[in-house]
Amino acid sequence: MSFFVNKYNPSKIEKKWQNFWEYNKTFSSEIDKSLKKYYVLEMFPYPSGDIHMGHVRNYTLGDLIARYKRANGFNVLHPMGWDSFGLPAENAAISNNVHPKSWTEKNIQNMKSQLKKMGLSYDWSKELSTCNSDYYKHEQKIFIEFYKRGLAYQKETIVNWDPVEQTVLANEQVIDGKGWRSDAVIEKKRMKGWFLKITDFAEELLEDLNSLKNWPEKVKLMQKNWIGKSFGAYIDFYIKETTNKITVFSTRPDTLFGASFIALSPEHQLVNEFKKTYPEINDKLKKINIKNTNEQNLDKIEKIGIKIPVKVSHPFIKDRFLPIFIANFVLIDYGTGAVFGCPAHDQRDFDFAKKYDLEIIEVVSKEKNQKRKGSIESAYTDNGYLINSDFLNGLTVDEAKELSIKKLEEFNLGSRTINYRLKDWGVSRQRYWGCPIPIIYCDNCGIQTVPEKDLPVKLPDKVDFKNSGNPLSNHPNWINVKCPKCFRSAKRETDTFDTFFESSWYFARFTDPNYKNAINKSNANYWLPVDQYIGGIEHAVLHLLYSRFFIKAMNKLDLINLTEPFKSLQTQGMVCHQTYKNNRNEWMFPKDVKRVDDEFFTIDKKIKVFPGRIEKMSKSKKNVIDPNTIVNTFGSDTARFFILSDSPPQRDMEWTDEGVEGASKFLNKVWQLITADNYNDTPYQKIKHNDENDFKIFLATYKAISNVTQAIEDFHFNIAIANIRTLFNELNFYKIKTDNNKIVKKFCISNFLILLNPICPHLCEEAWEILGNKQSISDAPWPKVDLEYLNERHITLPIQINGKRRGEIKIAKSLNKKEVENLALNHQNIVKFLDHTPKKIIYIPNKIINIVI
RNA sequence: GCGAGCGUGGCGGAAUAGGUAGACGCACUGGACUUAAAAUCCAGUGACCAUAUUGGUCGUGGGGGUUCAAGUCCCCCCGCUCGUACCA
C-alpha cells in the first residue's frame with residue numbers, strides 16, 4: 001500500500017546516507033591548488049562523554065556553512081578533534097578508579113558515534129586528540145623553541161591558586177575572584193612557574209584587531225580592554241634625605257602639582273623594608289591584607305591605608321614633601337604597584353584624602369583661570385585648563401601631560417611610557433593529565449631542556465591518584481632522570497601545561513595531523529587562515545587571545561607563515577530551556593514534566609510542578625534535553641532544522657517541544673511532497689513557463705534561491721529557513737495537470753532540495769535519489785538565479801496620502817511618472833481624499849507614491 | 001561606576017540604502033475528515049471601531065525632534081541582558 005511507502009522514516013534513511021558518505025569519502029579534503037579553499041572550523045570539544053545541545057547548535061552551524069561552501073565549488077576543509085587533556089579525566093580517576101586515558105578514550109568513542117549520527121560533513125581522516133603523544137610531542141618542541149628564543153621563562157610570582165583544583169590559574173581564568181571552572185574563591189600564593197611572553201606581542205595583538213573585519217565588535221572590544229593599553233609616565237619620588245626612590249606609574253602627570261600623597265600596594269617590595277624599619281606597622285598590615293583572602297567583596301571594602309613615618313620629595317616643588325601610605329586599593333599587578341594621589345582629580349584619592357585628612361589641591365578647572373566655587377564634593381576628572389601648577393598654568397590637560405613629561409625627563413625624574421594591563425601567560429599547572437613540560441632541573445647545570453632525541457616526554461601510565469597534589473611529583477621513577485649535560489642525577493619538571501596550550505594551535509595541526517613536524521608549512525599555507533571559526537562567546541579573551549598570540553609567536557620563530565589564525569569569527573548564543581521545580585523546591589527534568597493546558601504536572605499528573613525562568617541548559621538546574629533522545633525520536637535532520645530555524649545564531653535560543661514537533665511536521669510534509677508523484681522518468685531540465693502558474697512557481701523558486709543565498713552569506717540562517725518554507729508553500733500549492741507541469745515542478749523541487757540540503761542533508765539525499773538522480777545531492781552545484789524572473793515587469797505600488805497607506809495599484813514598471821500619478825489619483829479609495837489639488841506628489845519609482853494634501 | 005547590546009502581536013522572530021510594519025513559524029480559533037480523538041487538510045488570527053469592505057483610528061519601551069514619509073536618523077528618559085571593574 002502507498003501508505004507504507006509514504007512514511008518518512010528518518011532513522012532508516014539517516015543511517016543509509018551516513019554510511020554512503022563514509023564509504024564514498026564524500027567529505028575528505030585534499031589539497032587542490034586549482035580550487036579556492038575554504039576552512040570551516042567549530043571549536044573542538046572536551047570529551048566529557050556525551051554531546052549536549054550547545055554542541056549540536058555549534059556543529060550544525062558549521063556544517064551548514066561547510067556544505068554550502070562545498071556546493072559553491074570551494075575545496076572545503078572541515079575537521080573535528082578532541083581537546084582531551086583536562087581536569088575531569090583526573091577527577092574521574094580519583095572517584096571511579098579509572099585511568100584518565102581509558103576514561104578519555106571511552107568518552108571520545110561515545111561522542112564520536114553521537115556526532116556521526118548527526119550527519120556532520122567532517123573529514124574524519126583529519127581527526128586528532130591532544131592527549132595523544134603524537135600531538136603533544138610537537139607542543140614540547142614548540143615550547144623548547146619558545147624557551148630558546150626568550151618567549152618562555154620561569155619566574156616566581158604571586159599566582160592565582162585554585163584550592164579546589166589544587167592548581168595555578170592564569171589571570172584570564174579568574175572570573176569574579178573565582179576559578180573559571182571550579183567556581184572556588186581564588187587565593188594568592190607565591191610560586192615558581194613557567195610563563196609565555198604574550199606581553200611581547202601586546203601591541204601587535206591590539207593593532208591587528210583592526211584587521212579582523214569579520215570578527216564581532218564585542219569580542220574585539222573585550223580583547224582590547226583586556227590588553228588595556230594606556231599612555232603615561234613613570235615618575236620617581238625620592239624618599240626624603242635618601243637616594244632611595246619610589247617609582248609610580250601615572251596617566252595623569254599633568255596633575256602632579258595636585259599630588260598630596262604616595263600610596264603603595266601591600267605587596268610592594270619596599271613594604272618589606274618598611275616592616276623591618278618600623279615593626280609597629282606589621283599588625284596594621286595584617287588588617288589591610290584582607291584583599292588577599294577575600295577578593296569577591298572587593299567593591300564593598302573601605303579604602304584604608306597605613307601611614308609610614310617617612311616622606312618623599314615632590315619632583316617639581318623643592319620644599320614640598322608628601323606622606324607615604326600602604327593602601328589596600330593599590331594593585332601590585334598594574335603599573336609599578338605604586339601611585340601618587342591627586343585627590344582633586346581622582347575619586348579614589350579623593351575618598352582617601354577625606355578619610356585621612358590630606359590636602360586637596362585643585363589643579364584642573366573647567367574654565368580657564370577659574371577655581372571651583374564652594375567646597376569640593378567630588379573629584380573633577382574631565383578635561384580643562386591647568387591652575388595652581390607653576391609652569392603648566394593655562395595649558396590644556398593634554399598639553400600639560402606633554403610638558404610635565406618633558407620636564408620630568410629633563411630633570412631625570414621620570415620618563416614617558418606605555419603601560420599594558422595584559423600580563424604574561426602562566427602555563428604551569430600542578431596536574432597529571434596534561435602535557436609534561438620538557439624541562440630537567442640539575443643541581444650542577446641548572447635548568448636544562450629535554451634533548452630532542454628524548455622527546456616526547458611521555459606521561460607515565462602507572463600513577464597513584466590517592467595522595468593529594470600532583471601525582472607526577474609523587475612518582476619517583478618518572479621524576480628522577482639524568483642531566484642531559486653532566487649526566488648526574490637530576491629531576492624532571494612535574495608541572496604540565498595549561499590545556500589552553502593545546503587549543504592554541506590545533507587548527508593549524510588539522511592541515512596535516514600526521515606530519516613529522518608540528519606544522520606542514522605547505523599544507524598550512526594552502527588551508528590557513530581558518531575562513532570561518534564558530535564557537536561560544538566565553539572564549540572571547542581566553543582561547544581566542546592565546547591562539548592569536550601563539551600564531552604570532554610561531555610566525556616569529558618561522559614555524560608557520562601566518563599572523564592571524566581566524567579570518568572570520570561567529571559566536572553562537574546559548575541553548576536555553578524552561579526550568580521546573582516540584583513542590584519541594586527541587587529542580588526537575590523536562591522529561592518528567594507534563595503540560596496540561598496552562599499548568600504543569602509530574603508525568604503521572606498527580607503533583608503540580610512550578611515553571612521557573614528560561615535559562616541556559618545546565619545539569620545543575622536539570623533543564624537539559626538530551627540530543628540523543630531527540631535524534632532517536634525525530635531524526636537528526638529535525639534537530640538540525642529546528643536549532644537553526646528559531647533564532648539568529650548569535651542570539652540565545654529556547655528549546656521547546658513545540659518547536660521540534662513543528663520542524664518534524666515540516667520534514668514530513670516535504671517527504672509527502674516528494675513521494676506524492678513519481679518523477680523518476682521526468683527529465684530534470686529548465687523550460688520556459690507556459691502560463692501564469694508556471695511563471696509564479698519559477699518566480700518563487702528564484703526568489704528563494706536569491707534570498708536563501710543572501711541569508712546564508714549574512715549568517716541569518718533563521719531567515720534562510722523562512723524563505724525555504726515560503727518556497728515549500730508555493731510548491732505545495734502548485735498542481736500538476738500536464739507533463740510540462742511535471743517538468744516544471746521537478747525542476748523547482750530539485751532546486752528547493754539543494755537549498756535545504758545544508759540543513760537536512762539526509763532527507764535531501766534520499767529525496768534526490770527518489771527524484772531519479774544518480775549522483776549524490778552533495779555534489780549538486782548551488783543553484784543560480786534567473787534574473788529574467790526576478791526583474792518582474794509588473795509590481796504592486798502602494799499609494800500613500802500624507803505618508804499613510806491608502807491603497808495600491810498594479811502597474812507595469814515601464815510607466816513614467818505622469819502615468820503613475822494619473823493612475824494613483826484616480827484610484828477609487830484615493831479620490832475621496834482629494835477635495836483640492838494635491839500640494840505635492842512624491843514618486844519613488846518601483847517603491848512608493850506619496851500624495852501630500 | 002564604565003563599556004556593549006537589546007526593547008516590534010499571546011510567543012520565537014522578519015522588515016538591504018528612511019518608502020506597504022508584523023515575512024516565516026509556534027500557539028490559538030473555526031471548519032473538513034473521523035463513531036470519537038490524534039494526525040492531516042482548509043480558513044482566520046496586532047488592538048479597537050465599523051456601514052464587516054477594496055473602510056477607519058491606534059500601534060515597534062516612553063517623551064520630543066528632523067522628513068513628503070521614521071521600527072530604522074537625532075536629543076532626552078525608562079527597562080532588561082551581557083561584559084568588565086579600585087587599571088592610577
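Chain letters run A, B, ... following the sequence lines, proteins first, then strands; residues in each count from 1. All figures in this text were calculated on a predicted structure; none of them were measured in a lab.
- Residue order along RNA chain B, read from the 5' end via each residue's closest nucleotide, puts A:R805 first among A:Q828 and A:R805.
- Which of B:C58, B:U20, B:G3 sits closest to the side chain of A:L221 comes down to B:G3.
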message: Show, in sequence, the C-alpha distance, side-chain angles and deciding distance for A:F261 and A:E359, and conclude whether the side chain to side chain contact (heavy atoms under 4.5 Å, CB included) test is met.
response: CA-CA 9 Å; A:F261 65 96; A:E359 252 187 305; over 6 Å; no

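- A donor-acceptor contact closer than 3.5 angstrom is absent between the side chains of A:D254 and A:S404.
- Taking the six-membered ring for Trp and thresholds of 30 and 60 degrees, A:F257 and A:H314 have ring planes inclined between 30 and 60 degrees apart.
- In this structure, A:K703 atom NZ and B:A23 atom P are separated by 15 Å, rounded to whole Å.
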message: Would A:Q223 and A:L205 count as a side chain to side chain contact (heavy atoms under 4.5 Å, CB included) here? Give the steps.
response: CA-CA 9 Å; A:Q223 293 207 354; A:L205 287 166; 5.9 Å; no

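- Checking the phosphate oxygens (OP1, OP2) of B:U57, a side-chain nitrogen or oxygen of A:R806 falls inside 4.0 Å.
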When you compare the protein's N or O atoms with those of nucleotides 68-76 of chain B, which come within less than 3.5 Å of each other, and at what distance?
residue: B:C68; atom: O2'; partner: A:N850; partner atom: ND2; Å: 3.1
residue: B:C68; atom: O2; partner: A:N850; partner atom: ND2; Å: 2.6

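- A distance-only check finds a donor-acceptor pair linking the side chain of A:T255 to the backbone of A:R252 [under 3.5 Å].
- Nucleic acid contact class of A:K839 (heavy atoms, under 4.0 Å, all strands): none.
- In summary, the side chains of A:E267 and A:S265 do present a donor paired with an acceptor at a separation below 3.5 Å, with no hydrogens or angles considered.
- Side-chain atoms of A:Q572 and A:Q650 form no donor-acceptor pair, as typed in the model, at a separation below 3.5 Å.
- One finds no side-chain N or O of A:N729 lying less than 4.0 angstrom from the OP1 or OP2 phosphate oxygen of B:A23.
- Rounded to whole Å, the distance from CG on A:D346 to P on B:C2 is 15 Å.
- B:A15 and B:U60 have their C1' atoms separated by 11 Å, with the value rounded to a whole Å.
- Note on A:R421: a base of the nucleic acid sits closer than 4.0 angstrom, heavy atoms only.
- Dashed line: the shortest gap from a side-chain N or O of A:K220 to OP1 or OP2 of B:G83 is not under 4.0 Å.
- Checking B:C26, B:A88, B:U20 against every side-chain atom of A:F249, the shortest atom distance belongs to B:A88.
- Comparing B:A21 with B:A14, their C1' atoms are spaced 10 Å from each other, to the whole Å.
- Going from the C1' atom of B:U20 to that of B:C68 covers 16 Å, rounded to whole Å.
- B:C49 sits 41 Å from B:A36 when the C1' atoms are compared, rounded to a whole Å.
- Looking at A:N850, its side chain never comes within 3.5 Å of a backbone N or O of A:I842 through a donor-acceptor pair.
- For B:G9 and B:A27, the C1' atoms lie 12 Å apart once the distance is rounded to whole Å.
- For A:F717 and A:F715, the distance between ring centers is under 6.0 angstrom.
- Between the CD atom of A:E538 and the P atom of B:U84 there is a distance of 12 Å, rounded to whole Å.
- Between the P atoms of B:C77 and B:A70, the separation comes to 24 Å (whole Å).
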statement: Quick tally for nucleotides 6-17 of chain B: nucleotides whose base has a protein heavy atom under 4.0 Å get B, sugar-phosphate-only ones S, the rest -, giving ------SSSS--

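- Side-chain atoms of A:V363 and A:I361, non-hydrogen and from C-beta on, do get closer than 4.5 Å to each other.
- Relative to the side chain of A:E658, the nucleotides B:U20, B:C82, B:C26 differ in distance, and B:C26 lies closest.
- Atom P of nucleotide B:A88 and atom CG of A:D351 are separated by 16 Å, given to the nearest angstrom.
- Anti is the glycosidic conformation of B:G65, whose angle departs from 0 by more than 90°.
- No donor-acceptor contact under 3.5 angstrom links the side chains of A:Q672 and A:N668, judged on distance only.
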task: Take A:F325 and A:F352 through the test ring-ring contact (aromatic ring centres under 6.0 Å, His included) and record every step on the way to the result.
output: CA-CA 10 Å; A:F325 286 84; A:F352 195 77; 5.1 Å; yes

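- For the P atom pair drawn from B:A47 and B:C11, the interatomic distance equals 12 Å after rounding to whole Å.
- Using P as the reference atom, B:U16 and B:U54 are 29 Å apart when rounded to the nearest Å.
- A:F728 and A:F666 have perpendicular rings, their planes meeting at more than 60° on a 0 to 90° scale where under 30° would count as parallel.
- The nucleotide whose nearest atom lies closest to any side-chain atom of A:R725 is, among B:U20, B:U40, B:G25, B:G25.
- Counted by atom type alone, A:Y8 and A:T638 present zero donor-acceptor pairs between their side chains at under 3.5 Å.
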task: With pairs defined as Watson-Crick or G-U wobble and both distances under 3.5 angstrom, please note down RNA chain B as a dot-bracket string, | for pairing with another strand.
output: (((((((..(((......[....))).(((((.......))))).((((.....))))..(((((..]....))))))))))))....

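- Each of A:F833 and A:L797 lies near RNA chain B, and the nucleotide nearest A:L797 is the one positioned closer to the 5' end.
- Nearest nucleotide to the A:S250 side chain, out of B:C26, B:U20, B:A88: B:A88.
- Anti is the glycosidic conformation of B:A43, whose angle departs from 0 by more than 90°.
- Phosphate proximity of B:G56 to A:N829: present, with a side-chain N or O under 4.0 Å from OP1 or OP2.
- Rounding to whole angstrom units, CG of residue A:L256 and C1' of B:A88 are separated by 12 Å.
- Between A:Q347 atom CD and B:C87 atom C1' the separation is 16 Å, expressed in whole Å.
- Considering only side-chain atoms of A:W226, the nucleotide from B:C87, B:U20, B:A85 that sits closest is B:A85.
- Side-chain contact check for A:T701 and A:N751: no donor-acceptor pair (N or O, by modelled atom type) lies under 3.5 Å.
- Rounding to whole angstrom units, CE of residue A:M222 and P of B:C82 are separated by 13 Å.
- For the pair A:I830 CD1 and B:U20 C1', the interatomic distance rounds to 12 Å; values are reported in whole Å.
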